[in-house]
Amino acid sequence: MDWDEETERRVKKGIELFKEGYNCSQAVTMTFADWYNVPAGLMARISASFGGGIGRMRETCGTASGMFMLAGLEVASEKADKVIKAKNYETVQRLAADFKKETGSIICRDLLKGYIKDVSTAPKPDERTDEYYKKRPCVRMVELAIRIYMNYLREKEDEKR
């Protein structure tokens, strides 16, 4: 597999999903639905509540939450297994650290500071207009989360060799 080509394809798909109106978390998780053989509609429903920093409360960035959900598909067990649970937590912390290294935070309201004066937590989502996309970093966050996750998958694959 050409990882760079695959990464660019997935970044493009994630941005398209976000611009179609899916929330930031959905855009990240749905981009990998085929990777995990999960129906895109199911992935959309599972991640629906995590947009806008979890239900638009501006807490953990939805793109980061999307990566963490994907980590559950990559490193988890259907049984209670402390070893696997620790590996999952290690993976999530690594993804969070990579995200923070690029952005300074995984908190939605922090990421929006400097872009939006009044960071609203009202449950009604903003209209998706050209102005909406210009005044927030969300498209960049979708791209970044996908790149970080693809890099993680690539490194994991390299370790197998």
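The first residue in the sequence is number 1, and the count goes up from there.
When side chains are defined from C-beta on, I54 does not count as touching S49, because their heavy atoms never get closer than 4.5 Å. Contact check for M150 versus L153: side-chain heavy atoms found under the 4.5 Å cut-off. In this structure, the side chains of E159 and R154 stay at 4.5 Å or more apart for every pair of heavy atoms. Counting heavy atoms from C-beta on, the side chains of M141 and C108 never come closer than 4.5 Å. With contacts defined as side-chain heavy-atom distances shorter than 4.5 Å, the pair K85/D81 does not qualify. In this structure the side chain of W35 never reaches within 4.5 angstrom of the side chain of L73, judged on heavy atoms. Proximity of T31 to L17: side-chain heavy atoms (C-beta onward) are separated by under 4.5 Å at one or more points.
Proximity of a side-chain donor or acceptor of S25 to a complementary backbone N or O of G62 within less than 3.5 Å is detected. A donor-acceptor distance shorter than 3.5 angstrom exists from the side chain of R128 to the backbone of Y22, with no hydrogens or angles considered. For E143 (side chain) and V11 (main-chain N/O), no donor-acceptor pair under 3.5 Å exists by modelled atom type.
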*After noting the C-alpha distance and the side-chain angles of E59 and R109, does the key distance pass the side chain to side chain contact (heavy atoms under 4.5 Å, CB included) rule?*
CA-CA 7 Å; E59 297 296 336; R109 80 177 76 75; 2.6 Å; yes
_Steps toward side chain to side chain contact (heavy atoms under 4.5 Å, CB included) verdict (K19, V139)_ = CA-CA 8 Å; K19 288 187 172 183; V139 169; 4.1 Å; yes
*asked:* Checking D34 against R10 for the salt bridge (Lys or Arg N to Asp or Glu O under 4.0 Å) test, could you report, in this order, the C-alpha distance in whole Å, the side-chain angles of both residues, the deciding distance, and whether it holds?
replied: CA-CA 11 Å; D34 63 322; R10 289 187 186 276; 2.9 Å; yes
_Intermediate values then yes/no, side chain to side chain contact (heavy atoms under 4.5 Å, CB included), K156 and E74_ = CA-CA 10 Å; K156 188 173 180 192; E74 188 68 27; 2.8 Å; yes
*Checking side chain to side chain contact (heavy atoms under 4.5 Å, CB included) for the pair T129/K134: CA distance, chi angles, key distance, verdict?*
CA-CA 9 Å; T129 63; K134 287 178 189 173; over 6 Å; no
*Check against salt bridge (Lys or Arg N to Asp or Glu O under 4.0 Å), R147 and E8*: CA-CA 8 Å; R147 289 187 188 285; E8 295 311 313; 2.7 Å; yes
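Using a 30° and 60° split on the angle between ring planes, F18 and Y133 fall in the perpendicular class, above 60°. Between Y152 and Y149, the angle of the ring planes lies from 30° to 60°, which puts this pair in the tilted group.
If you chain together hydrophobic residues whose side chains sit under 4.5 Å apart, L95 and W3 fall into the same group. Taken together through direct or relayed side-chain contacts under 4.5 Å among Ile, Leu, Val, Met, Phe, Trp and Tyr, V92 and L70 form part of one hydrophobic cluster. There is a path of hydrophobic side-chain contacts, each under 4.5 Å, that joins M57 to F68. Residues Y132 and V142 fall within the same hydrophobic cluster, defined by Ile, Leu, Val, Met, Phe, Trp and Tyr side chains chained together at heavy-atom separations under 4.5 Å. F32 and L42 fall within the same hydrophobic cluster, defined by Ile, Leu, Val, Met, Phe, Trp and Tyr side-chain heavy atoms under 4.5 Å apart, directly or through other members.
Note that the CD atom of E155 and the NZ atom of K160 stand 13.5 Å from one another [nearest 0.5 Å]. In this structure, SG in C61 is found 10.5 Å from CG in D110, a value given to the nearest 0.5 Å. A distance of 13.0 Å separates OG of S77 from NZ of K87, quoted to the nearest 0.5 Å. Note that the CE atom of M30 and the CE atom of M43 stand 9.0 Å from one another [nearest 0.5 Å]. Within the model, atoms CZ of R56 and CG of N23 stand 11.5 Å from one another, a figure rounded to the nearest 0.5 Å. Taken from NZ in K12 to OG1 in T7, the straight-line distance is 15.0 Å, to the nearest 0.5 Å.
Look at K135 and D130 and you find no salt bridge, because none of the NZ, NE, NH1 or NH2 atoms lies under 4.0 Å from a carboxylate O. We find that R9 and E5 are not joined by a salt bridge, their nearest charged nitrogen and carboxylate oxygen being 4.0 Å or further apart. A salt bridge links R94 with D98; the closest basic N to acidic carboxylate O contact falls under 4.0 Å. Between E102 and R140 there is no salt bridge, since no side-chain nitrogen of the basic residue lies less than 4.0 Å from a carboxylate oxygen of the acidic one.
A pairwise comparison of heavy atoms in A33 and A40 identifies CB-CA, 3.9 Å as the closest pair. When every heavy atom of N88 is checked against every heavy atom of A71, the shortest pair comes out as ND2-O, 3.4 Å. Across all non-hydrogen atoms, the minimal contact from L111 to S105 is CD2-O, 3.6 Å. Heavy-atom minimum distance, I146 versus G14: CD1-CA, 3.7 Å. Of all non-hydrogen atoms in G66 and V28, the two that sit nearest each other are C-CG1, 4.1 Å. For M67 against F99, the heavy-atom pair with the smallest separation is CE-CD1, 3.9 Å.
One side chain, T29 or S47, offers a donor N or O that lies under 3.5 Å from an acceptor on the other.
Heavy-atom contacts from other residues, nucleotides or ligands closer than 6.0 Å to CG of N37 number 12 or fewer.
Not counting sequence neighbours, E131 has no partner by the side chain to side chain donor-acceptor pair (under 3.5 Å) test.
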